[in-house]
Amino acid sequence: MHCTRKITDDLYYVGGNDRRLEKFENLFPIPRGVSYNSYVLLDEKTCLLDTVDSSITRLYLENVAHVLNGRKLDYLVVHHMEPDHCANIEEILVRHPECQVVGNEKTFLFIHQFYPELNLEGRKVVVKDGDVLKLGKHELHFVFAPMVHWPEVMVSYDPTDKVLFSADAFGTFGALDGNLFADEVDFERDWLDDARRYYTNIVGKYGVQVQMALKKLSALDIHYICALHGPVWRKDIAFLLDKYQHWSTYEPEKKGVMIVYGSLYGNSENVAECLASLLSEKGVHDVRVYDSSKTTPSVLVSEAFRLSNIVLVTPTYNMTIYPSVEIFVDDFLRMGLKNRAISLVENGTWAPAANRLLKEKVKEGPFRYVGENVTVKSRLDEEGLKKLESLADSIVSSL
């Protein structure tokens, strides 16, 4: 049975949800699932915009058939060739032998790599940056957005209804609970954490390229954003663009402190909790404490993009950094994060080395260090507590 939704008079949602998938890209936990979005535009020519993951093929094909209602399919536009969006290209082309595929040169290179036996002779429409596909009263203006977050990525804009088909940009984790539009729920409450976690872990490395794309799109009058994951935007678009501005320039959204600790037996955990209490007493309202062994790195990276200050509390473990703390550090370095204040606290019963190793890894320049590095021997004592209080004062001053 089909499950579609009307967006404008001529535009329909034909995607669906996957609530069974445990980890997106087999890396990032998605307890709320994920949506795979695809759209049909009905005009003198019919146009399908992207396909979906193979996990929802049956529902997807029923949705497309329902909206077409017996009409032939003229075009399939491929904005992005990642398998969660391109897995049904062959299924669509088998059912619609008259359909032409619209993409750029890199799109067709990747199609050949994913579908080496698919014959597209006479069925390719190769577009360049700035080209226009006319469908009738609607037309699609193509804007290339390479490395947001694959090299073939492009977006398209329909000036008739002022719709931006944004590929993976502006997407979020999370299944759609019947609420297709972002304004049908409280987005900041219900979606923002998933949107931030999606951006920071999937697209976050490519801030420069996102900035280039945002500049290209700034001249457009956008009333709808139709991404390939998550809800459709038709209100408060400036709010979403502001978040992308912060994330892609690596500027924190908020002044606040995340304390990430590793702890074998609870002593380093106690240090983290005491520092959090000191900061709260001194008036810092946004303090978050995370056990790196329990919290998925995708959440930690997302919080590192959100907040201005990061405190790393780690034992020296086998003469190196505690492994789960080091994974977090490697992840935020890999994603290109910068412009954060870093503070270091180490614990060691003998030969503490974690602070030194972290400073070798996290270079000054992209980051600035706040306060004196603190060393605790085995467990927090009065002398250590005084050092923590001094560090808390430095962090408060930095805010």
Pairing residues for [X] by the salt bridge (charged side-chain N to carboxylate O under 4.0 Å, His left out) criterion, not counting sequence neighbours:
X      : value
Arg356 : Glu360
Lys254 : Asp286
Asp331 : Arg334
Lys72  : Asp74

Kindly write out the residues that satisfy ring pair (Phe, Tyr, Trp, His ring centres under 6.0 Å) with [X], not counting sequence neighbours, or none if the list is empty.
X      : value
Phe173 : Phe24, Tyr198
Phe108 : none
His149 : His80
Tyr75  : none

Tell me, please, which residues at least two apart from [X] pass side chain to side chain donor-acceptor pair (under 3.5 Å).
X      : result
Ser324 : Ser292, Ser293
Lys216 : Asp129
Thr375 : Glu346
Tyr206 : none

Within 45° cone and under 6.0 Å: Arg5 NZ/CZ vs Tyr13 ring: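 Relative to the ring axis of Tyr13, which defines the angle, Arg5 lies outside at least one limit.
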Centroid-centroid distance, Tyr39 to Tyr224, less than 6.0 Å: no
